[in-house]
Amino acid sequence: RGPVRLMSSRRGRLGTGRRDWLWVVTILVVGVVIAFGIVLALSGGGSEPTIAGVKCERGEPEGYHIHTKLEILIAGQPFEVPGDVGRESSVCLYWLHTHDGQPGRIHVEAPSDRDFTLGQFFAIWDQPLSSTQLLDRTTDAVHQIRATVDGTPFEGDPATIPLEDGALIKLEYGPPFAED
């Protein structure tokens with residue numbers, strides 16, 4: 001046997017061959033893709049659409065925060081507005097939403113003070129509301145929709161009712177009606 005030969009110095013060092021350069025580029029590209037994924041996930045991903053001009057954001061904005069109470073009666077019977085309307089699992093929360101344990105309490109939480117309507121809330125809830133339709137009920141020769149705000153009759157399309165702090169909005173499909 002002859003003398004022991006050491007490995008070629010060219011193979012033993014990093015950074016000198018073409019393959020080593022490709023590894024560095026690959027690692028950088030993977031790092032950029034991971035960083036982009038993290039930023040996208042933290043920003044809510046932009047995957048939830050804006051509904052009726054209302055955005056869905058991660059967390060609850062702190063600029064503007066009010067509550068409106070909504071009561072619905074169908075043929076004289078209470079219909080409970082569900083909790084978690086406007087909550088898209090853990091992805092985001094629409095500026096207009098409800099919470100579990102607070103039936104009918106609409107939270108308006110937006111980055112700044114602006115006007116919102118009951119129609120926007122119903123759009124987020126994915127339920128119809130107009131002067132001729134409330135949820136799955138439609139007006140006809142016998143049935144109608146009545147709306148009141150703090151006990152005062154509201155004339156016109158109930159979808160246009162503004163959401164104001166502390167207001168009580170009552171929607172009724174009847175008859176019978178509570179005030180009859």
Side-chain angles (χ1 to χ4, degrees), residues 28-74 77-139 145-173 178:
L28 285 173
V29 168
V30 168
V32 167
V33 168
I34 290 171
F36 181 73
I38 290 170
V39 167
L40 198 59
L42 291 176
S43 68
S47 61
E48 296 304 322
T50 296
I51 298 176
V54 180
K55 291 187 179 183
C56 194
E57 293 186 304
R58 203 162 184 79
E60 297 180 18
E62 296 181 14
Y64 180 64
H65 187 170
I66 65 167
H67 302 105
T68 301
K69 179 77 173 157
L70 174 61
E71 291 180 4
I72 300 175
L73 295 170
I74 304 293
Q77 299 301 308
F79 180 92
E80 188 171 295
V81 177
D84 285 338
V85 170
R87 179 179 301 278
E88 298 301 319
S89 64
S90 62
V91 176
C92 65
L93 190 65
Y94 281 93
W95 295 341
L96 308 181
H97 59 271
T98 62
H99 292 284
D100 274 340
Q102 300 176 349
R105 187 175 188 193
I106 301 172
H107 292 251
V108 178
E109 299 176 48
S112 62
D113 183 354
R114 59 177 271 205
D115 296 331
F116 293 99
T117 65
L118 190 58
Q120 289 173 299
F121 174 75
F122 269 74
I124 291 165
W125 186 12
D126 198 24
Q127 294 293 329
L129 176 64
S130 69
S131 57
T132 60
Q133 190 169 10
L134 172 58
L135 305 171
D136 64 344
R137 308 296 174 108
T138 305
T139 60
I145 296 169
R146 292 186 185 172
T148 61
V149 178
D150 294 328
T152 302
F154 183 86
E155 300 300 325
D157 186 347
T160 65
I161 296 173
L163 299 180
E164 296 178 348
D165 195 25
L168 169 59
I169 300 170
K170 185 184 287 186
L171 300 177
E172 294 183 80
Y173 177 86

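Everything numeric in this text was worked out from a predicted model, so none of it was measured.
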List the atom of [X], the atom of [Y], and the distance in Å for their closest heavy-atom pair.
X	Y	value
R114	Y64	O-CE2, 3.7 Å
A110	P61	C-CB, 3.5 Å
E172	A178	OE1-N, 2.7 Å

Could you measure the distance from the [atom1] atom of [X] to the [atom2] atom of [Y]? Nearest 0.5 Å is fine.
X	Y	atom1	atom2	value
F79	R137	CZ	CZ	9.0 Å
D157	I145	CG	CD1	9.0 Å
I51	L96	CD1	CG	10.0 Å
T50	E57	OG1	CD	9.0 Å
L171	F154	CG	CZ	10.5 Å

Please confirm whether the backbone N or O of Y173 pairs with a side-chain atom of R146, one donor and one acceptor, at under 3.5 Å? no
For residues 119-130, run the donor-acceptor check on the side chains, cut-off 3.5 Å, and write out each pair with its distance to 0.1 Å, sequence neighbours left out.
residue: Q120; atom: OE1; partner: T117; partner atom: N; Å: 2.8
residue: Q120; atom: NE2; partner: A52; partner atom: O; Å: 2.8
residue: S130; atom: OG; partner: T132; partner atom: N; Å: 3.1
residue: S130; atom: OG; partner: T132; partner atom: OG1; Å: 3.3
residue: S130; atom: OG; partner: Q133; partner atom: N; Å: 3.1

Could you pull out every donor-acceptor pair under 3.5 Å between side chains of residues 67-74 and any protein atom, sequence neighbours left out?
residue: H67; atom: ND1; partner: R105; partner atom: NH2; Å: 3.0
residue: H67; atom: NE2; partner: H65; partner atom: NE2; Å: 3.0
residue: H67; atom: NE2; partner: H107; partner atom: ND1; Å: 3.1
residue: T68; atom: OG1; partner: E164; partner atom: N; Å: 3.4
residue: T68; atom: OG1; partner: E164; partner atom: O; Å: 2.9
residue: K69; atom: NZ; partner: P103; partner atom: O; Å: 2.8

Name all pairs fulfilling the salt bridge (Lys or Arg N to Asp or Glu O under 4.0 Å) condition that reach into residues 80-104, sequence neighbours left out, sorted by first residue then second. D84-R87
Could you tell me which residues satisfy ring pair (Phe, Tyr, Trp, His ring centres under 6.0 Å) with Y94, sequence neighbours excluded, listed by chain and number? none
